[in-house]
J.: 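This is the structure, below, for whatever I ask next.
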Amino acid sequence: EQEEAERLLCRGMEGFPNDRDLQTAGCQAIVALATGHESWQTRLGQADACQRVNGMLRRWPQDYATQLAGLYALNALL
């Protein structure tokens, strides 16, 4: 059985919490999938994308690029 894309994305972010580049890329993927797509917003929300992004924001509070990527991702999930 193939894992759903949103779960795979969130599992990758959860599995490598200290990889800033991976976390930022995960946020960029969330933006690309969720912007303007209510069904993807729902799917990503159910896969705990908000928690993954929140963890990233807390991990690097002083990194502007990381914070911006996280905020864009959270905005896309609204």
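Residues take their numbers from the sequence shown, with the count starting at 1. Computed from a predicted structure; not experimentally measured.
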J.: Quick one: CD on Gln67 to CE on Met56, what's the gap to the nearest 0.5 Å?
T.: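 Atom-to-atom, Gln67:CD and Met56:CE are 6.5 Å apart.
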J.: When rounded to the nearest 0.5 angstrom, what is the spacing between SG in Cys27 and CG in Leu57?
T.: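 It comes to 6.5 Å.
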J.: Looking at Glu14 and Arg11, does any basic side-chain N land under 4.0 Å from a carboxylate oxygen?
T.: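 So Glu14 does not pair with Arg11 through a salt bridge.
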J.: Between the main-chain N or O of Ala76 and the side-chain N or O of Gln41, is there a donor-acceptor pair closer than 3.5 Å?
T.: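 Between the backbone of Ala76 and the side chain of Gln41 there is a qualifying donor-acceptor contact (under 3.5 Å).
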J.: Does the side chain of Leu33 reach to within under 4.5 Å of the side chain of Glu6, using non-hydrogen atoms?
T.: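 No, side chains not in contact.
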J.: Can Leu44 and Leu9 be said to form a side-chain contact (heavy atoms from CB on, under 4.5 Å), step by step?
T.: CA-CA 9 Å; Leu44 286 160; Leu9 170 61; 4.0 Å; yes
J.: Are side-chain heavy atoms of Thr66 and Arg20 found at a separation under 4.5 Å?
T.: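 In short, these two side chains touch, coming nearer than 4.5 Å.
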J.: How long is the gap from CZ on Arg52 to CD on Gln23, to the nearest 0.5 Å?
T.: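 The distance works out to 9.0 Å.
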J.: Ignoring hydrogens and geometry, is there a side-chain-to-backbone donor-acceptor pair from Arg59 to Pro17 under 3.5 Å?
T.: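 Such a contact is found between Arg59 side chain and Pro17 backbone.
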J.: With clusters defined by side-chain heavy atoms of hydrophobic residues (ILVMFWY) lying less than 4.5 Å apart, directly or transitively, does Leu68 cluster with Val31?
T.: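 As far as the 4.5 Å side-chain criterion goes, Leu68 and Val31 are connected within one cluster.
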J.: Kindly indicate whether the side chain of Asn54, heavy atoms from C-beta on, has any atom under 4.5 Å from the side chain of Leu74.
T.: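 No, too far: nothing below the 4.5 Å cut-off.
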J.: Looking at every heavy atom in both Thr24 and Ala69, which two are closest together, and how far apart are they?
T.: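 So the minimum-distance heavy-atom pair works out to CG2-CB, 3.8 Å.
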J.: Under a 4.5 Å cut-off applied to non-hydrogen side-chain atoms, are Tyr72 and Gln28 in contact?
T.: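 No, side chains not in contact.
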J.: Grab the two heavy atoms, one from Ala34 and one from Leu77, that are nearest each other, plus how far apart they are.
T.: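 Shortest heavy-atom separation between Ala34 and Leu77 comes out as CB-CD2, 4.2 Å.
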J.: Only one of Asp19, Asp48, Ile30 clears side chain to side chain contact (heavy atoms under 4.5 Å, CB included) with Met13; which?
T.: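 Result for side chain to side chain contact (heavy atoms under 4.5 Å, CB included) with Met13: Ile30.
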J.: So, for Trp40 and Ala5, which heavy atoms are closest and what is the spacing to 0.1 Å?
T.: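 In terms of heavy atoms, the two residues are closest at CH2-CB, 4.0 Å.
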